[in-house]
Amino acid sequence: MVDIHCHLLPLVDDGPSSVEHALQLAEQAVEEGITRIIATPHLYHPQFETGDIDVPLTVAELNVLLKQRDIPLTVYPGHEVRLIGELIEEMEAGVALPLAASRYILIEFPSTGIPSYARQVFAELISDGHIPIIAHPEKNKAIIQNPQLLFDLISNGAISQVTCASLIGKYGKDVQRFAVALLENGLAHLVASDAHHTTKRPFYWEQCRKFLSEKLEDWLYEEIYENNEAVLLNQLVTINPPNPVEKNWKGQWV
Ligand code: FE
């Protein structure tokens, strides 16, 4: 199975604080059934200075260690990019990395809102042949308050990724229901771990798979995990027509 969003590289951001911790996190990935994983350290995040990190080299070094330890996991390079106005230029300069050298780029908004220039940057990316993936929209306060913001971005060619921890209820029932509603309404297309740490922020991969296999219709469940694979292989993900998501009279997301 393919995980497209994970903070696996050691000593880079808020992921593993040592090489040993990174290898332990990799072992946990394998135990949970993941065979290929895209390392997505933060880029342009205000809390982490990661611009000087050579991600492809660090990934290559980690892959050597994984082979030496007989841990059957292959790591690919990527970034989780805080949206900035000059993203296209930074991608062209090779600073901001797409996922596994594909057409897909993982983009994070500040947790409280969506920058006013998001639509403009997304339009530039898409017209240049890239596909923006919005990371964990279910945790973004502006999107929770007004899901139309996400609907507009998805309707204009972006896709999105919800997080295993959200889907199994680690951020509460409301976020959980919202994440499921996004998947069911064509507003989220991928599921990833966003794992950082073996105990504080683990994969929750198997738990999430079990939950979704019971919760979603079979075709949608299969489609989501095939989409994860499609991103890694630079193939087109399957997209369903988006529907607006809203709260019903009980205040539950539908
Ligand atoms: Fe992340």
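Classified by interplanar angle (parallel below 30°, tilted 30° to 60°, perpendicular above 60°), the ring pair Phe48/His42 is parallel.
Linking ILVMFWY side-chain heavy atoms closer than 4.5 Å, directly or via other members, places Leu187 and Val175 in two distinct hydrophobic clusters. The hydrophobic cluster containing Ile34 does not contain Leu106, counting ILVMFWY residues as joined when their side-chain heavy atoms lie under 4.5 angstrom apart, directly or transitively.
Classification of Glu229 and Arg36 as a salt-bridged pair holds, one side-chain N sitting under 4.0 Å from a carboxylate O. Taking the charged nitrogens against the carboxylate oxygens, Lys247 and Asp174 do have a contact shorter than 4.0 Å, which makes a salt bridge. Under 4.0 Å is where a charged nitrogen must lie from a carboxylate oxygen, and between Glu20 and Arg69 at least one such pair does. A salt bridge does not link Lys210 to Glu206: none of the charged nitrogens lies less than 4.0 Å from a carboxylate oxygen.
Put simply, the side chain of His196 never gets that close to the backbone of Arg201: no donor and acceptor are under 3.5 Å apart. Without hydrogens or angle criteria, Ser102 side chain to Tyr104 main chain gives a donor-acceptor distance under 3.5 Å. Although no hydrogens or angles enter the test, the distance criterion places a donor-acceptor pair under 3.5 Å between the side chain of Thr35 and the main chain of Met1.
A donor-acceptor contact closer than 3.5 angstrom links the side chains of Gln161 and His5. Donor-acceptor pairing under 3.5 Å is lacking for the side chains of Asn227 and Glu223.
For His7 and His197, the ring centers are positioned 6.0 Å apart or more.
When the shell of 6.0 Å around CD of Glu217 is examined, it contains 12 or fewer heavy atoms from other residues, nucleotides or ligands.
Test Asn156, Leu83, Leu125 against Pro132 for side-chain contact (heavy atoms from CB on, under 4.5 Å) and you get one pass: Leu125.
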